[in-house]
Number of protein chains: 2
Amino acid sequence: MTLRRPETLTTAVATYIRDAIVQGDLAPGQRLPEVTLAAQLETSRGTVREALRTLADSGLVQVEPRRGAFVSQLSVRATWEITSMRALLEPYAARLALEAAGSDPGLHAEVRAAFDVLKAAVTSENPDPVAVADADVAFHRSVFARCGHEMLLSQLETLQALSRRIVLTNQISSADAPTLVAQHAPIADAVELRDPELLESAVRTHVIEAGELLMTRMAPLEPTRTKRATPTTFSLGRWPSGASPHPRGTAARPARR
Amino acid sequence: MTLRRPETLTTAVATYIRDAIVQGDLAPGQRLPEVTLAAQLETSRGTVREALRTLADSGLVQVEPRRGAFVSQLSVRATWEITSMRALLEPYAARLALEAAGSDPGLHAEVRAAFDVLKAAVTSENPDPVAVADADVAFHRSVFARCGHEMLLSQLETLQALSRRIVLTNQISSADAPTLVAQHAPIADAVELRDPELLESAVRTHVIEAGELLMTRMAPLEPTRTKRATPTTFSLGRWPSGASPHPRGTAARPARR
DNA sequence: TGCTGCTCGATTGTCGGACAGTAAGTCATT
DNA sequence: AATGACTTACTGTCCGACAATCGAGCAGCA
């Protein structure tokens, strides 16, 4: 496998591995030995090492001292954390973007375009999960990309990458197509109406609902990790600016082979 | 200088440098040459390098390809980003912590204790800025530490470190003592009353007000970076769940010597 | 004087090799 | 089946090296 060279070799390696993970080529929990990767990518161990640390900070990879790096696990708990984080940040980012856009129709055009792509991907007779996931990511990004808040933006991109993985590893999209479109529509509408309040709540609602869907979908599958059986039925809720209690569980870690 | 050895040498180096930065021993914009640090800390370049990357991800250090690492600058713009981020996250974290605590008085006890320490630090006849900053950090942490949300927590700790630097480099605290105490009191009260809503808004209000204070304080000092003079008077605002426009500016980067 | 281009020193990016220490896995023991 | 010694696979860390790049100072020129 050959690599591009954007800035430094390390970043190239990082994006390569990131893509492999997000794309699902590397399964959750899988080991990522430095030597192996270095050999595969024809670079040195140090470079790979650096890339892995970078990815660790974005949560895609988990590094345990003296044990090495793994593709991070996607527990229900982690999903809750990611979802609540997005529910907190994304509405605000969307609002900033909308307000920054002012009367410029560019934003709306982009969002609408992304929405159409998404709709097309979802309603095709044989929807490709990856394509759907890509379209979903692109849609969201189109909404908040122009927020003009670097920290927020990078944070959201990271969270999206995580979300995307969860979606892909829990075959969604086939049965949920209508839901998906239905959930995104209000966002596009709010952008068109240039109503920040409406947009915020539309985004928040969508993020939370999508998260809940994921969590209910994956909860039954989650292997029990603790002796005292964690209730497999999760009480959802306690989202940002929302209802009441919230799920608790132990963060997953890769099984020690 | 000798180092402890918590987990790995790299983390030791990272925390060492982090402390030096947060403590103000290393000025914003200062270069951090790998070789020099390696020599000082009696480790290898690789180890230092890794530590620097880690710090870069938390925003304390800025790495520019082929130019090296610098202590990151603290522009008004950055302050805005940090503040808005905290305004988004911290209230929610506080609420989670409060709800997790339930009827357990432990949380309130801790918060109250931290508040007392803070009050003592502020009202001493000759307040030590570092002590005040420490107390402030400790107070906030006591409020949200038990939120049970790892991602949120680590995020907040990072943001706190950044905030703390800004506070210390803009001599606050002497004249602002009363304000400081006044702002924190409602938070402690809300915890005592076990009122999540109240707590959320108290935290949000405080974070925003503190941020605004900082920004007005530093705005006049900020050197102009662009030809087209950025207005030195910043229109504050557009905070999470709040009013309208928000400041724009160019993120600072260290001057190329 | 002010601007342009070249040379040189300081550092980073990346490589390869090396070695001890540790986590896991295996296998023989009790 | 539980225990403990042995083996293997990696990681953590160090060293030395070299090309590429950045930035600064200097020389040349308009």
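If you check every strand for non-hydrogen atoms under 4.0 Å, G68(A) touches sugar and phosphate atoms only.
For R164(A), the side-chain hydrogen bond (donor to acceptor under 3.5 Å, both in side chains) partners at least two apart in sequence or on another chain are D134(A). Applying the ring-ring contact (aromatic ring centres under 6.0 Å, His included) rule to F139(A) yields the partners F115(A), H184(A); only residues at least two apart in sequence or on another chain are considered.
Using a cutoff of 4.0 Å between basic side-chain nitrogens and carboxylate oxygens, R66(A) and E7(B) are not scored as salt-bridged. A salt bridge links E34(A) to R53(A): one of the charged nitrogens lies within less than 4.0 Å of a carboxylate oxygen.
Between the CZ atom of R67(A) and the C1' atom of dT11(D) there is a distance of 12 Å, given to the nearest Å. Following rounding to the nearest Å, R31(A) (CZ) and dA23(C) (P) show an atom-to-atom distance of 12 Å. Separating the CG atom of L52(B) from the C1' atom of dG13(C) is a distance of 14 Å, rounded to the nearest angstrom. Atom CG of L9(B) and atom C1' of dG12(D) are 8 Å apart (whole Å). Between L32(B) atom CG and dT12(C) atom P there is a gap of 10 Å when expressed in whole angstrom units. Between the P atom of dG12(D) and the CD atom of E50(A) lies a distance of 14 Å, rounded to the nearest Å. For R66(A) and dT11(D), the CZ to P distance is 13 Å, given to the nearest whole Å. As a whole-Å value, the separation of E34(B) CD from dC22(D) P is 16 Å.
The R53(A) side chain lies nearest to dG12(D) when the options are dG12(D), dT12(C), dT13(D). Considering only side-chain atoms of T43(A), the nucleotide from dG12(D), dC15(C), dT12(C) that sits closest is dC15(C). Closest to the side chain of R49(B), out of dG16(C), dT12(C), dC15(D), is dT12(C).
When each of V13(A), T10(A), L60(A), L32(A) is checked for a side chain to side chain contact (heavy atoms under 4.5 Å, CB included) with L52(A), only L32(A) meets the rule. Exactly one of E81(A), E90(A), H140(A), R86(A) qualifies for a side chain to side chain contact (heavy atoms under 4.5 Å, CB included) with L159(A). That residue is R86(A).
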- side-chain contact (heavy atoms from CB on, under 4.5 Å) between V167(A) and D136(A): does it pass, once the steps are laid out? CA-CA 10 Å; V167(A) 170; D136(A) 181 75; 5.9 Å; no
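Residue T8(B) has a polar side-chain atom (N or O) positioned under 4.0 Å from OP1 or OP2 of dT13(D). Using a 4.0 Å cut-off, some side-chain N or O of T10(A) falls inside it from OP1 or OP2 of dT14(C).
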Show each protein N/O and nucleotides 18-20 of chain C N/O combination with a separation under 3.5 Å, one pair to a line.
from    : atom 1 : to     : atom 2 : distance (Å)
dA18(C) : N6     : R45(A) : NH1    : 3.4

